[in-house]
> 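Next up is a structure, given as structure tokens.
Computation of the quantities below employed the complete heavy-atom set of this structure, encompassing side-chain atoms and omitting hydrogens, waters and symmetry-equivalent molecules. Heads up: numbering here begins at 1 and tracks the sequence. Everything numeric here is computed off the predicted structure, so don't read it as measured data.
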Amino acid sequence: MSRTALVTGASRGIGRAIAARLAGDGFTVLNLDRDPPADDAPGEWIQVDLSDAEALAGSLAPLAERGDVDTLVNNAAIGQSAMLEETTDADFELTVAVNLRAPMICARALVPGMAKRGFGRVVNISSRAHLGKTHRTAYAATKGGILSMAKVWALEYAARGVTCNTIAPGPIRTDLFERVNPPGMPRTQEIIGTIPVGRLGEPEDIANAVAFFLDERSGFVTGQVLYVCGGITLARGGS
């Protein structure tokens with residue numbers, strides 16, 4: 001059957017890799033992002049600031065009315081590095097708006113239509129940071145929240161053909177990661193040294209996991225969390 005996927009934050013990084021994978025798998029891709037695609041990223045770009053609830057709802061309304069979006073990937077997120085005492089109310093509220101409220105608004109607009117049609121797939125992109133990471137009060141809180149929301153949605157919509165799952169990436173080689181952790185720097189090598197498979201993840205690793213959850217044959221998998229982390233979650237859990 002024809003599939004249409006909405007991917008938030010698909011202009012670059014992990015979102016772009018997800019969009020490319022889905023386009024290659026035959027999906028029609030819609031990219032909901034504030035910024036234009038960095039290059040010839042696949043799909044239709046719909047410009048919206050995800051922190052603006054009213055604007056986001058307005059962008060989603062015609063998509064819900066169209067009734068052909070059967071796939072939602074809540075990928076877009078922001079993250080700020082700050083100790084607890086340096087975390088401001090404004091930073092916390094902005095992180096919640098983008099990382100937690102926006103995915104809820106997207107799901108609220110699109111999932112009921114999926115349920116009405118008897119088929120749908122939702123994947124939330126969380127982070128291994130929800131297990132605990134220094135300097136990440138706001139980020140970890142929202143990434144734990146998006147994981148919990150997926151479990152609730154899974155229960156609410158399972159009987160109506162909609163699955164909701166979560167992917168929690170470990171360290172992934174993106175432009176943002178390399179700006180913070182330049183290749184060759186001791187800190188970057190230290191991070192790689194903690195990963196059992198001996199390398200950073202690539203955006204395509206996340207896209208591959210997303211494709212599994214979105215497959216029509218994955219209808220018996222819902223409410224689950226998949227750590228795509230090169231084994232770092234196990235390694236740290238056993239240390």
Side-chain angles (χ1 to χ4, degrees), residues 1-10 14-30 32 43 67-77 99-100 102-131 142-172 196-197 201-234 237:
M1 68 179 183
S2 176
R3 303 282 301 277
T4 298
L6 176 68
V7 183
T8 65
I14 291 173
R16 190 203 182 288
I18 293 170
R21 172 61 185 265
L22 298 188
D25 287 348
F27 284 73
T28 297
V29 178
L30 306 173
L32 210 60
D68 62 344
V69 179
D70 62 17
T71 300
L72 170 63
V73 182
N74 283 311
N75 163 76
N99 295 9
L100 198 57
M104 183 277 294
I105 292 173
C106 289
R108 187 177 63 195
L110 299 175
V111 170
M114 299 179 196
K116 184 177 180 179
R117 296 187 298 275
F119 177 85
R121 297 284 185 266
V122 178
V123 174
N124 287 350
I125 306 299
S126 178
S127 169
R128 193 195 59 80
H130 85 90
L131 296 171
T142 56
K143 288 304 188 180
I146 197 173
L147 186 159
S148 296
M149 288 196 303
K151 289 179 177 290
V152 172
W153 303 341
L155 290 171
E156 290 181 345
Y157 291 96
R160 301 172 71 184
V162 181
T163 67
C164 302
N165 292 288
T166 302
I167 293 170
I172 305 297
V197 301
E202 301 293 341
E204 291 74 16
D205 291 314
I206 307 304
N208 185 56
V210 169
F212 163 72
F213 281 133
L214 299 187
D215 195 294
E216 294 174 32
R217 296 164 292 186
S218 296
F220 202 58
V221 182
T222 195
Q224 302 305 303
V225 182
L226 176 59
Y227 292 95
V228 184
C229 62
I232 191 172
T233 303
L234 294 173

> With no hydrogens and no angle check, is any side-chain donor or acceptor of Asp70 less than 3.5 Å from a backbone partner on Arg3?
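A pair under 3.5 Å: no.
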> Output the distance between atom OG1 (Thr71) and atom CG (Leu30), rounded to the nearest 0.5 Å.
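Thr71 atom OG1 to Leu30 atom CG measures 10.0 Å (nearest 0.5 Å).
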> Flag the pair Tyr157 / Val122 as yes when at least one side-chain heavy-atom distance between them is below 4.5 Å, and no otherwise.
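Side chain of Tyr157 against side chain of Val122, heavy atoms only: no contact under 4.5 Å found.
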> For residues Val210 and Ile125, determine if any side-chain heavy atom of one lies less than 4.5 Å from a side-chain heavy atom of the other.
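A side-chain contact exists here, since the closest heavy-atom pair is under 4.5 Å.
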> Contact between Asn74 and Cys106 at the side-chain level, heavy atoms closer than 4.5 Å - yes or no?
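A side-chain contact under 4.5 Å exists here.
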> Supply the atom-to-atom distance Arg160 CZ to Lys116 NZ, rounded to the nearest 0.5 angstrom.
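It is 10.0 Å, given to the nearest 0.5 Å.
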> Identify, with sequence neighbours excluded, every residue that meets side chain to side chain contact (heavy atoms under 4.5 Å, CB included) alongside Ser218.
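For Ser218 the side chain to side chain contact (heavy atoms under 4.5 Å, CB included) partners, ignoring immediate neighbours, are Phe212, Asp215.
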> Hey, what do you get for OG (Ser126) to CG (Asn75), rounding to the nearest 0.5 Å?
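Taking OG in Ser126 and CG in Asn75, the distance rounds to 11.5 Å.
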> What pairs with Ala109 under side chain to side chain contact (heavy atoms under 4.5 Å, CB included), at least two apart in sequence or on another chain?
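For Ala109 the side chain to side chain contact (heavy atoms under 4.5 Å, CB included) partners, ignoring immediate neighbours, are Leu60.
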> Please tell me if the side chains of Leu214 and Asp25 come closer than 4.5 Å, counting only heavy atoms from C-beta onward.
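The answer is no, as the side chains (C-beta and beyond) never meet within the 4.5 Å cut-off.
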> What are the two closest heavy atoms between Ile172 and Glu202, and how far apart are they?
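Taking Ile172 first and Glu202 second, the nearest heavy atoms are CG2-C, 3.7 Å.
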> Using only atom types and a distance under 3.5 Å, with no angle test, would you say the side chain of Asn165 pairs donor to acceptor with the backbone of Val221?
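Side chain of Asn165 to backbone of Val221, a donor-acceptor pair under 3.5 Å: yes, one is there.
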> What distance separates Glu204 CD from Arg16 CZ, expressed to the nearest 0.5 Å?
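Atom-to-atom, Glu204:CD and Arg16:CZ are 9.0 Å apart.
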